Structures are given as structure tokens and as C-alpha cells.
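Notes for the one structure printed next.
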Amino acid sequence: MSQEGYDHTAVENRWQEAWDDAAVYHTPDEADDPTYVLGMYPYPSGKLHMGHVRNYTITDAYARYRRMRGDDVLHPMGWDAFGLPAENAAKERDTNPRDWTFDCIDTMRGQMRSMGFGYDWEREITTCTPEYYRWNQWLFTRFADAGLVERRDAEVNWCPSCETVLADEQVEGDAELCWRCDTPVETRDLDQWFLKITKYADELLEAIDDLEGWPNSVRQMQRNWIGRQYGTTLDFKIEGYGPVEAFTTRVDTVHGATFFALAPDHPISEELAAADDAVHEFVHHEADPDGDEPNGVETDLTATNPVTGEEIPVFVADFVLSDVGTGALMAVPAHDERDHAFATKMGVEIRPVVAPKPEDWDGETAPEAPDVSEAAFTDDGVVINSGEYSGLDSETARERLTEEVESAAESTQYQLRDWGISRQRYWGTPIPVVHCDDCGPVTVPDEDLPVELPEFINTTGNPLDAAEEWKATTCPECGEPATRETDTMDTFVDSSWYFLRYVSPDLDDAPFDLDRANDWMPVDQYVGGIEHAVMHLLYSRFFTKVLADEEGLDHREPFTNLLAQGMVQLEGEKMSKSKGNVVSPQRIVDEYGADTARLFMMQAAQPERDFDWSEEGVRSTHRFLSRLSDLVEGYAAGGAASADATADDADAADTDADDADRDEIDDYVADEVDAAVAIAGAEYDDLTFNVALREAQDLVRTLRSYRGHADPDPDTYERGLDVAVRLLAPVVPHLAEELWEALGRDGFVVEADWPTATVDRETVERRRRLVTNTREDVRDIVEVAGIEDPERIDVVVAPDWKYDALEIALDSDADNLISELMAESHIRERGDAAASYGQDLQANREALQETLSGGAEYDALRAAAWLIEREFDAPVRVGRAEDADESVVRKAEPGRPAIDIVE
């Protein structure tokens with residue numbers, strides 16, 4: 001093998017063709033509940049970037065692992081192909097979005113194949129084809145039938161650059177910028193189509209607790225976005241405007257309301273702005289809802305507290321939001337931090353009306369009012385300074401006030417708003433509605449679907465408005481001339497159900513085969529970016545619940561387990577074209593091979609964490625794969641008699657406890673092979689690929705040391721190579737296939753069984769801890785004693801009674817551990833040694849750990865002795881306590897043998 005390593009291009013091309021020829025990754029329709037592994041499908045922007053590569057390597061590795069575990073696996077890929085970027089790209093290039101999109105898809109599909117991703121390409125979907133978006137339109141009509149579609153005039157987010165409406169979720173950051181082009185977003189009043197996601201707000205919120213396979217951060221982001229609050233609405237009368245409804249979660253503090261506040265876009269604020277210069281200046285130029293501190297302007301109005309009759313000043317304030325509550329609130333500075341900051345700034349009274357409940361409170365004596373001069377007291381407590389309600393606890397006061405105040409009523413408020421899906425762009429699904437002067441808006445009948453897009457018109461504004469011939473139609477109900485709806489759907493509609501289309505992508509009489517969907521869904525493992533935590537994931541959950549109610553889906557959640565992968569960075573910054581810090585995946589594949597890119601990316605960090613791309617790390621990974629190739633090819637070329645053993649034979653070889661020909665080194669390597677299997681499998685299950693790969697790579701290093709230090713036992717060595725190849729196969733599939741063949745195995749490694757082991761992880765970790773501690777203790781003694789050339793190193797295992805004492809200490813909850821130990825005659829007879837060890841155990845009870853048994857420690861240390869011999873170039877003798885000098889034995893403890901170095 002040359003220094004440049006194996007010929008990765010030849011290897012990867014060969015096995016990609018072989019997999020295709022054998023249809024290895026195809027999932028037949030008759031498969032019984034396959035494990036469904038899915039990465040969020042990409043927008044075809046032109047080329048894969050490193051974020052794509054990481055996402056799809058994660059899903060590919062897991063899908064391959066599950067396949068080796070014996071599962072049928074569904075692992076499909078498709079294209080989120082509608083969207084404004086394609087429309088803009090087409091305009092810039094004087095082409096059309098369709099051609100641009102399909103050119104990008106061809107490029108990206110080729111790159112995916114070159115990465116070795118094992119997709120069932122027979123299930124590929126592309127959302128911009130009529131065969132797909134027909135079902136977007138069909139679903140729209142079903143939502144309409146269910147009363148979940150509404151068209152209404154609404155204030156919407158408008159991007160003047162993209163010339164389209166944005167959902168709330170598509171407005172980003174404190175500066176309220178368009179999620180696609182970073183242009184500041186404006187507001188407009190337009191007729192819009194909405195999907196009534198708020199009808200499912202409670203279920204969407206409450207079901208979050210059951211999403212145990214989702215990251216807590218994503219679940220909390222969805223809770224916050226839905227934003228359910230229980231409280232009370234009550235009317236404050238404003239002179240000239242009548243009753244104005246306010247929402248509060250703390251009506252128990254109503255006696256402390258010292259001002260009333262309106263959102264800048266509240267109808268009263270807008271009316272005041274038209275007549276009052278100060279209010280106009282604030283509303284249109286100064287209000288900053290996302291600022292660090294609340295701001296506002298006082299009006300000439302007062303509001304009447306419905307409980308006390310008190311007249312309190314009215315402010316227009318930017319910390320009041322029109323889409324939270326009612327856009328109007330009673331402000332209680334003593335018991336709300338935001339109100340407190342505003343009142344302090346504006347010089348408004350701060351009046352405490354809730355006090356902390358004393359521990360010895362008798363229910364009668366008024367507790368002491370809190371000091372609210374510097375900060376609000378925001379906890380529940382005892383109501384004070386509140387007339388007949390004084391002395392009540394906060395919860396009781398809320399109940400009574402809500403019941404007794406005439407205008408008050410229990411209320412549940414949500415931050416979540418209905419989903420506006422209207423987009424004034426061309427490259428999207430036409431909304432299947434016809435506008436008739438007599439019948440109003442009418443949904444297009446199923447038999448007339450799909451409503452296909454006309455030819456692209458390169459124009460400003462909404463291109464479909466300019467498609468006069470396409471717009472002209474007849475009303476499905478009365479047959480009179482009518483006009484098509486020219487808005488297209490938000491592309492998040494496409495992605496809200498695409499995972500169901502993979503189940504039956506060629507079905508032409510329904511969006512998905514219901515029986516198969518009920519068998520195959522939900523997705524077992526979903527992987528994608530955290531940026532989709534609210535929009536895509538929330539909308540997909542909404543669609544799934546509606547389809548369960550209206551179309552008979554058996555499940556109400558689309559994704560059982562979710563992994564939000566971290567970013568690939570360069571020198572601590574996210575890669576982006578604008579920053580010029582992009583690493584080309586294709587260059588890495590050409591120079592080092594897909595397996596190198598995949599392995600480096602997966603070993604660098606846990607999948608959910610960001611990590612820095614490193615060219616040196618890539619080179620190091622390539623060197624490792626070259627050494628692995630050398631190791632296996634060298635063994636295969638040696639013509640060992642066992643080279644044609646089957647994988648099952650190799651698995652069985654390590655379980656033969658009567659193999660009398662093994663020496664201690666062989667035992668150590670055999671144990672490490674088992675250890676790697678025991679740990680790597682569990683880590684693949686948990687998607688902590690970096691830990692699994694560390695085990696596989698450490699095993700390869702152990703096998704290289706084994707080959708260099710001794711004449712390896714053929715069965716042990718071959719099984720080690722066999723296991724290493726299989727453990728790496730999910731991540732480096734091409735080279736693994738090449739080496740699997742070199743080992744003389746039949747079939748594809750991707751279809752091989754996952755290796756098995758007879759040892760459990762706890763035993764492995766105890767054994768490794770023992771060996772590591774022992775080697776460190778030898779190093780410490782050599783260093784402290786200044787021993788340059790040890791003649792012999794004796795390692796002595798603790799006596800059996802100490803293991804018994806440790807076990808008693810671990811199981812005991814007695815205060816006097818020593819008495820419990822001395823109740824055992826075989827420990828008590830050890831006299832002062834037992835008392836001293838008992839005191840040590842008593843003092844360190846919190847830190848005690850289980851260890852191997854004495855016999856197992858002896859065997860493990862004998863097997864690992866060669867590592868110490870190699871490091872210190874001295875013979876190592878492992879002994880039992882009964883065969884050693886007492887002066888040495890007394891230092892030995894379970895998990896920490898005594899060390900005696902002879903100079």
C-alpha cells in the first residue's frame with residue numbers, strides 16, 4: 001500500500017455500483033413495519049454543503065446500523081423543491097424556476113450518491129411536481145371540509161424585497177427581519193388564507209410532554225411558541241372609548257393597578273396617534289418592543305378600575321404586544337418586573353397588594369408588605385391593601401375576583417396564531433380556490449386537481465396575477481365565469497406531510513396508502529436542524545393530528561425520536577458563502593474519499609453539538625483508514641488458514657472458554673474485541689456515534705499493537721479484524737465492503753449481522769478502569785521513586801475478604817459500617833487490618849464503586865500485563881494475595897492492586 005493510502009475513488013465507485021445493481025437499499029411495499037429513518041429533505045439550492053453532509057451521514061449511519069441489527073429499514077430521500085430562492089435565481093438567469101430546480105436536484109443527487117448514502121431512490125419525491133402538489137391541494141380541501149380553513153382580511157408580515165407575506169415564525173430576531181433575505185419586515189392588511197392551527201393548540205401543547213424522544217430544548221421552544229396562559233379578562237372603561245378588555249394572569253393584584261397600558265398598534269393607540277403628535281411620534285418612530293427597556297408615552301386618557309372604581313392613567317407602551325393577550329393590560333408595578341421598570345421610569349405609583357406568606361402566619365394578622373422600591377415581588381402570597389379580599393391567599397383571591405367582578409371571566413390565551421399560508425409568489429402550490437361573483441370562494445373539486453402552474457412569467461409582484469389566461473375559469477358550482485386564486489401556499493405545507501408520501505410515492509388515488517402508513521409510521525428517527533424547531537416540526541405535528549381525525553391515521557405524532565444536529569463550523573464560525581469560509585464536500589470526496597469525510601465528521605463530536613472542520617483532522621482520519629486497509633489486506637495476503645471463516649464462525653470463536661491455546665495477550669485482545677462490541681452497539685443505539693467510533697478505532701490500534709508485539713492467535717486476530725470492519729461499516733461503508741471481501745466473507749457487509757459479545761458494558765468498564773489505574777500507579781511509583789530501569793514489576797491482587805467488605809459497604813445503609821463488617825467472622829479475624837480497611841470504607845462511602853471480583857481482577861491483570869511490560873520494558877508478574885508477602889498485600893485493595901517494583 002502506498003503512502004497515499006488506498007484508492008478511495010476506485011473503491012467507492014465499485015461499491016456504489018454494486019449496491020445499486022443489488023438494490024440493497026430498496027424497501028419493498030410488503031415490508032412489515034420497517035424502522036423508518038429520515039433526514040429532513042433539502043431545498044435544492046445547487047450543491048450540498050457540509051451541514052447536509054453531516055445530517056445525512058447521521059441518518060445513513062443509523063439506517064445501516066439498524067439494517068445490520070436485522071431490521072427492515074425505510075430510508076428515503078426527496079426534495080423540498082418549491083420556494084422563493086428558485087424564483088429569484090430563475091429571474092437572475094433569465095430562465096424559469098422549474099429548470100433551475102431540476103438542474104440543482106440532478107447535481108445534489110449525484111453528490112449524495114458519491115457520499116454513499118444508502119437511500120431507496122425508488123421512493124424519491126419532488127414537491128414541485130404536479131404529482132406531489134396535487135395532494136397539497138387535496139389536503140387543503142379536506143382541511144376546508146373540516147372547518148380548518150378561513151379567508152379573512154388580516155394584518156400580515158410583508159417582506160418588501162421578496163414581495164410576499166411571511167408567517168410569524170418566518171420573521172426573525174429583535175430587528176424583525178425576513179428569514180430568507182434579512183430585509184426588515186413591514187405590516188400590511190391583505191386577504192389571506194389561514195389554516196386554523198389554533199384549534200389544535202391545547203393538544204399540540206399537552207402532547208409535548210409525551211415526546212420523550214425529543215430534545216428538551218425543542219419541546220420547550222414549542223411550549224413557548226404556543227404560549228398558553230390561564231387567567232382572567234376584565235373590562236377597564238376608558239372615557240370616550242367604552243370598555244376595553246384586558247387580560248391578566250394575576251387578577252389577585254388588581255387593587256395594585258396604578259396605570260393602564262395599550263400596545264402601539266392597538267386601535268385606540270392608532271386613533272390617538274392620528275390626533276396627538278406625541279403619541280404619533282412614539283408609535284411610528286420610537287416604539288421598540290424588542291428593546292432592552294420598556295418605553296411609552298402618557299395619553300390624556302384615564303381608565304376606570306372595575307374593582308376599585310379608581311381612575312388610573314393610560315399609556316401607550318411598547319412592552320405591550322397586540323398578539324399577546326388582548327393588546328391591553330392593567331399594570332401592577334409592585335408585582336411585575338416589566339411594569340415596575342416602566343413605572344420607575346415614568347414616575348408612576350408602585351403599590352404593593354400581595355405580601356409573602358410568613359411560615360407562622362395565622363390567617364388573620366396581615367403580613368408585612370414587601371419592599372418593592374427596587375424590585376417587584378412576583379410570587380403568590382397573601383393579598384393585602386385590597387379591601388374585602390385582604391387576607392386571602394393569591395389563588396383564592398383570583399377565584400373570587402373572577403367570579404364576583406361583573407365584567408370578569410376566566411380566559412385562556414395563546415401566543416400561537418392561525419397559520420397564514422398565502423404567498424404572493426409563483427413557485428409554490430396554487431391554492432385550489434376559484435372566486436365567483438355569485439358563489440364567493442369555491443374549492444376546486446378533486447376531479448379537477450391538480451391546478452397546475454402556468455408557464456413562468458418574469459414580472460414584479462405576484463406573477464400569477466399576470467397569467468390572465470390561466471386565471472380565467474368557470475365556477476365549479478354555478479358554471480359562470482370566475483377567477484382562480486393567485487396566491488400560492490407557504491412551502492411549509494409541502495413539508496408538513498412529505499414523510500407520509502414516502503410510504504407510497506407512486507399512489508395516484510390518495511396522498512398515501514392508509515394501511516401502510518398505519519403500519520410504517522410514525523418516523524422512528526428524525527434528524528434535522530434546530531432552526532426547524534417551531535415552524536416545520538409544529539406544522540407537521542398539526543397536519544398529523546388533522547389526518548388522524550379526518551383520514552384515519554392511527555398515530556397523532558409524526559416523529560418518535562428527534563435529533564437536532566449541530567453545525568459544522570470553520571474556526572468557530574458557521575460556514576456560509578457570504579463569509580467565504582465554505583469547505584466543499586466534493587473537494588473532500590475527490591481528495592480524501594467519502595468515507596474519510598463521513599468518519600471525520602462523525603467522530604469529531606456528538607451529533608447534536610457544533611464542531612470545527614479541520615483539514616488536519618481530515619488528513620489524520622484518512623491515515624487511519626489507510627492503516628486499517630493495510631492491516632486487513634496484509635492479513636488477507638498472508639493466507640491464514642482461517643481466512644475463509646464465516647462471520648458466524650468469527651463470532652463464535654470468542655465464546656469458546658475452553659480455548660487452551662490462548663496465552664494472556666490473546667485473552668486481552670479477545671476481551672477488547674468483546675468490549676468494543678458491547679460499548680459500540682449501545683452507542684449506535686443512542687446515536688452517540690463519536691463514542692462508538694472511538695471504540696472501533698481503539699480496537700484497530702489494539703490489533704496493530706497485537707500484531708507488532710506477538711505472534712497473534714489466528715482466530716483471535718481475525719475476529720478482531722472482522723469486528724472492527726463491521727463496527728465501522730455504518731460510517732465508512734465503501735472501505736468496509738472492500739475489507740469484508742478481503743476477509744473472504746460472503747455478501748455485503750451492509751447486510752451482515754451486527755457482531756455479538758458475551759460481556760456486558762459494566763464489566764468492561766470495571767476491567768478497563770482496573771487496568772488504567774494499575775498502569776497509572778506503576779507510572780507514579782516509577783516517577784516518584786526515580787526508578788530508571790526496573791528489573792521486575794509485581795502486581796498483587798487484594799485478598800478475598802476485602803472484596804467481601806467492599807460489597808457489604810456498597811449494600812449497607814447502617815450508620816456504623818465497621819460494626820457491620822466485624823459481624824462477619826472471616827473479616828473480623830483479620831484484626832487491625834480489617835479495622836483499618838473498614839475505617840477507609842466508612843470515610844469514603846460516597847465515592848465507593850463496584851469492582852470486578854478478585855478472580856476476575858486477577859485474570860484481567862494477567863491479560864493486560866503485556867501492556868505494562870511493553871511500556872516499562874520489564875517483566876510483569878501478577879500474583880494473588882495468598883502467594884505474596886504480607887507487606888505488599890496490605891496495600892492492595894479491590895480495583896487497586898498493590899505494586900512492588902524490583903530495581
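No experiment lies behind these values; they were computed from the predicted model shown.
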Taking atom types as modelled and ignoring hydrogens, do the side chains of [X] and [Y] form a donor-acceptor contact shorter than 3.5 angstrom?
{"X": "Tyr65", "Y": "Asp685", "value": "yes"}
{"X": "Gln697", "Y": "Gln603", "value": "yes"}
{"X": "Trp19", "Y": "Glu737", "value": "yes"}
{"X": "Thr763", "Y": "Asp760", "value": "yes"}
{"X": "Trp15", "Y": "Glu738", "value": "yes"}
{"X": "Tyr803", "Y": "Glu857", "value": "yes"}
{"X": "Tyr119", "Y": "Asp60", "value": "no"}

Exercise. Establish, for the pair Arg880 and Tyr858, whether the NZ or CZ atom is under 6.0 angstrom from the six-membered ring centre and no further than 45 degrees off its axis.
Key: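 The answer is yes, since Arg880 meets both limits relative to Tyr858.
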Quiz item: So, Arg768 and Glu695, do they make that salt bridge, N to O below 4.0 Å?
Solution: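 Counted as a salt bridge, because a side-chain N and a carboxylate O are separated by less than 4.0 Å.
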Quiz item: Parallel, tilted or perpendicular for Phe611 and Trp613, by the 30°/60° rule?
Solution: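 Tilted, since the angle between the ring planes falls between 30° and 60°.
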Quiz item: Distance from Met575 atom CE to Asp612 atom CG, nearest 0.5 Å?
Solution: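 Answer rounded to 0.5 Å: 8.0 Å.
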Quiz prompt | Residue that, paired with Leu74, satisfies side-chain contact (heavy atoms from CB on, under 4.5 Å) out of Phe499, Tyr25, Trp520 | solution =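 Answer after filtering Phe499, Tyr25, Trp520: Trp520.
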